[in-house]
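Heads up, the thing below is written out as structure tokens.
Below, read A as the first sequence line, B as the second, and so on, with proteins coming before strands; counting in each chain starts at 1.
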2 protein chains.
Amino acid sequence: MAATADKSRSRRKRRHRGQARGAAKPRLPYIQRKIASFDILSEEGLCLIERNADHILRDIGMEFSNDPEILDYFRAAGADVQGERVRFEPGMCRQIIQATAPRQYTQHARNPDNNVEIGGNNTVLSPVYGPAFVQDLDQGRRYATLEDFTRLNKIHQMIPHLHHCGGIVCEPVDVPVNKRHLDMMLSHILHGDRALFGALIGSERAEDSVAMVKILFGDDFVDQNTVLYGVSNTNAPLVMDDAMSGSLKVYAKNNQAVACTPWMITGAMSPCTEAGTLAQLLAEALATCCLTQLIRPGTPCLMGSFATPMSMQSGAPTFGMPEAAKTVLAAGQLARRLGVPFHTVGSLTSSKVADSQAQQEGTMTLIMAVLAGANFINHATGWLEGGLCTGYEKTIIDADLCGKLIEFCQGLDLSENAQAMQAIAEVGPGSHFLSSAHTLANFETAYYRSSTADANSYEQWHSEGSLETAQRANKIWKQMLADYEQPPLDPAKLEALREYVDRRKAAMPDRNY
Amino acid sequence: MAATADKSRSRRKRRHRGQARGAAKPRLPYIQRKIASFDILSEEGLCLIERNADHILRDIGMEFSNDPEILDYFRAAGADVQGERVRFEPGMCRQIIQATAPRQYTQHARNPDNNVEIGGNNTVLSPVYGPAFVQDLDQGRRYATLEDFTRLNKIHQMIPHLHHCGGIVCEPVDVPVNKRHLDMMLSHILHGDRALFGALIGSERAEDSVAMVKILFGDDFVDQNTVLYGVSNTNAPLVMDDAMSGSLKVYAKNNQAVACTPWMITGAMSPCTEAGTLAQLLAEALATCCLTQLIRPGTPCLMGSFATPMSMQSGAPTFGMPEAAKTVLAAGQLARRLGVPFHTVGSLTSSKVADSQAQQEGTMTLIMAVLAGANFINHATGWLEGGLCTGYEKTIIDADLCGKLIEFCQGLDLSENAQAMQAIAEVGPGSHFLSSAHTLANFETAYYRSSTADANSYEQWHSEGSLETAQRANKIWKQMLADYEQPPLDPAKLEALREYVDRRKAAMPDRNY
């Protein structure tokens, strides 16, 4: 009881503080889009891509390496399994997926106020995933540590425009590779109260993720509800290895969500043309989503898309490119036709710093992900260097864009108040609306308030030190850390989690793979 | 003859150089969009806004100040004119516009290869308009001069992703206010060979613009064809003054295009809600587009939209905001229903420098303008400080985004080559596409090549000096100036133009208003 009271007091306090900073409109823990998706392909084009994906699955098939159990699932379902190559009759995967995969599901957070609905017209924004380096204006670029991991978790928890804890918000390289996932999960649970990711690689680490959320939520609850979000990447073209199928199996068996996400630097891992990439992407997504339903019918799966061009001049991956934009829009359409939620990525850039390139590329990527109707957008904040690095300032600048897009997704209000016909009549030609009754009644909620933009005059900006955006963002993340309050957690659960982590760590020698 | 031969040699040379830099695909002088527009309002919502605009025009009307000739036009057409206030029966303006205004027209450039089609699925990108200051990394921020004007014209001419000369690319403040338009027009004609803007303010300066293009194109050609693009802003709410109606009249009488563009810092000059702003915007556009058709039926007019929120905290105009995005998308829909081309704005920001804020705001604005199906996008490059300043580096960074969006507008290629089914079969699972026949056949044209992004590794970027985007852009515009070649111009025409400018300047005392 005491913990509950503390919790609700703390939440009230936090909300009040958020409002004082300008969050005038109440926020949902996820986006409910009132705008349409942007369709780039016609019905005819979509059918063509689907037919090509079917032909790929029938004629070429997909390889599942080093995981005989996976092959058994496919064999039992009637697929043609030869060695590690699995081929499917046209329509087979789609039929299996559509028979049981949910179109929408709830991912439960440890704070039920932060539960997210994944699917339908909902969009969940999640921070950067996977970078080995961190960067800020004070300390520059460096290997990430567990301290960075914790600080980023705290910052993410303070950002109202994120809806999910995220997963590997950075790689804590000061912890042995085979033990990091334990510390990361504990840090997520301790420092945030939003929905959680499960470990990415291998069945063993995925089992640890499941065991830890069972301590947090209870065994039965986890079996009947989804509390983890897993990503399973293919090794394009047309391969899934056991590191990925291993975690996929664990999550599917436990009714936890898997975003089946072909990961493609296009031109290298898929054709250098979008239509070819899309057919291969759909084929890989179909085979792997199908697998989740064969393992446990009804377990949540998402169709994922990560496709970005390789520079044909340097071989480097590139981001924010128009071809990636077209691909994600079409992939979103294909996912909706398949009938599973759509997972993709946002705010991507190859820039090394939070500069113009970073925002031009990241803004393009994130807007397109939103227009694609994505239900889950990974890397919505903080990504730099093609994912090798995350930036503290970049996180704050990206979060501002997230806020803008959240407001954009609300669409156009056509209420009588929004029509403002009385105000236009009252003000009349040649006057202004500043003191009209309508403005006075609406000014508190009118317009998104940017946290990082400086809209003042040059003179005022100059007198305040001529700060660039990143410098302003630097102050914001520090203030967030100063204002951060740890969400309450049942001490008994915390102790059980710590004990689990200690026990598991003690049971393994340190390994760096 | 000699001039023609020179010209075509020079063009070949320029094209060849452009290709060498990576422009592998042949470029059109304007965008022919193969993607749909993004519709944010339903049919019902659009009818509501249209009805509200009609009610505004009937019940409140619009004021046309200090221009009795305008009032005569409206009176003769049957509008209710009382003093300077003009009221219209519902549907009247729409009917007059739809009876004669062209849905699409050609704006002729002095180089016919650069003629632009305005309307339909075409989009024309034009550089920044109006800034009194310029800024670059070398000299910082300063008042613009005629030298800046010329340098910017040269840079714009070198940018393949712009389709129009633009107008006041900066204010040459070293020239008296009442004579600048003459020097600016001469500089545009001399240094570029794309389509031209006419002077914005007042009938006298507009007459000079028309006189100068008559020297360039011939009197009859100008009377029968459109060679100037004029913008006529309202003084929202619901006023047009004689400075604007003066130039509007001159262009309309001479068959030159007018973009009738309500200019609104919303919350001050229109209601702080989008639905209210849209009704007022449509009302103002209807009345002013109608005026062009009353003056000369069939003269090209565009419905324009410039609506961006005022900060309710500081009173400053803000840019790249979600409310502006929603408004421009809806305005594009309203223009298409009206049946005239749609004019709007891109790459807007209140940032003082070419930093993250500038690109987050500018990218949001420009993408939304493109998705709104805009036929003409003013300020597509270079805008800073809410339009008070233009940046040399910002121009180059924005131009890169223009290039990306040009490629995006081409939509998804579904040709057999793009489907790449043979390549996927040839490569098979677990291999790569780098050396496939399909990649080798397509790599030269695959993927947009960014001019400003650095996609290299951190180590390589660091070893090359850790340059931010703006620093790379600084080198690019300098190289463009070094590579610039003046397009050939008939010496007799040039002399006649110079003589006109000298004569007009001599006929007026210097004035700074």
Could you tell me which portion of A/Q313 (side chain, backbone, both or neither) has an atom closer than 4.5 angstrom to a non-hydrogen atom of chain B? side chain
Segment of A/D400 engaging chain B (4.5 angstrom heavy-atom cut-off): both
When you look at B/R87 and B/D59, which way does the salt bridge (charged side-chain N to carboxylate O under 4.0 Å, His left out) test go after all the steps? CA-CA 7 Å; B/R87 293 183 178 83; B/D59 299 337; over 6 Å; no
Looking only at heavy atoms and a cut-off of under 4.5 Å, which of B/T363, B/L384, B/T452 has the most pairs with chain A? B/T363
For chain B, which candidate among A/C409, A/A316, A/A279, A/C272 shows the most heavy-atom pairs at distances under 4.5 Å? A/C272
Per-residue tally against chain A (heavy atom, under 4.5 Å) across B/H432, B/M312, B/K326 peaks at B/K326
Partner chain A: residue of B/K34, B/R85, B/H55 with the largest heavy-atom pair count (under 4.5 Å): B/R85
Side chain from CB out, backbone as N, CA, C, O: work out which of these in B/L434 comes under 4.5 Å of a heavy atom of chain A, or both, or neither. both
Between A/I397 and chain B, which part of the residue has a heavy atom less than 4.5 Å away: side chain, backbone, both or neither? both
B/S37 portion near chain A, given a 4.5 angstrom heavy-atom threshold: backbone
With a 4.5 angstrom heavy-atom cut-off, which part of A/M368 approaches chain B: side chain, backbone, both or neither? side chain
Most heavy-atom pairs under 4.5 angstrom with chain A, which of B/I367, B/D398, B/T318? B/I367
Tell me, please, which residues at least two apart from A/E393 pass salt bridge (Lys or Arg N to Asp or Glu O under 4.0 Å). none
So for A/S311, is it side chain, backbone, both, or neither that comes closer than 4.5 Å to the heavy atoms of chain B? neither
Go through the atoms of B/I40 and report whether side chain, backbone, both or neither lie under 4.5 Å from a heavy atom of chain A. side chain
Is chain A contacted by the side chain of B/L388, its backbone, both, or neither, given a heavy-atom distance below 4.5 Å? neither
Checking heavy atoms, do the side chain of A/S457, its backbone, both or neither come under 4.5 Å from chain B? backbone
Given the options B/E44, B/M364, B/H462, B/E361, which has more heavy-atom pairs under 4.5 Å with chain A than any of the others? B/M364
Before giving the answer on salt bridge (charged side-chain N to carboxylate O under 4.0 Å, His left out), spell out for A/R141 and A/E385 the whole-Å C-alpha distance, their side-chain angles and the decisive distance to 0.1 Å. CA-CA 11 Å; A/R141 181 185 189 260; A/E385 277 186 44; 2.6 Å; yes
Counterpart residues, salt bridge (Lys or Arg N to Asp or Glu O under 4.0 Å), relative to B/K404 (two or more places apart): none
Counting heavy-atom pairs under 4.5 Å with chain B, the top scorer among A/A36, A/P322, A/G320 is A/P322
Between B/E274, B/K394, B/M62, the one whose heavy-atom pairs under 4.5 Å with chain A are most numerous: B/E274
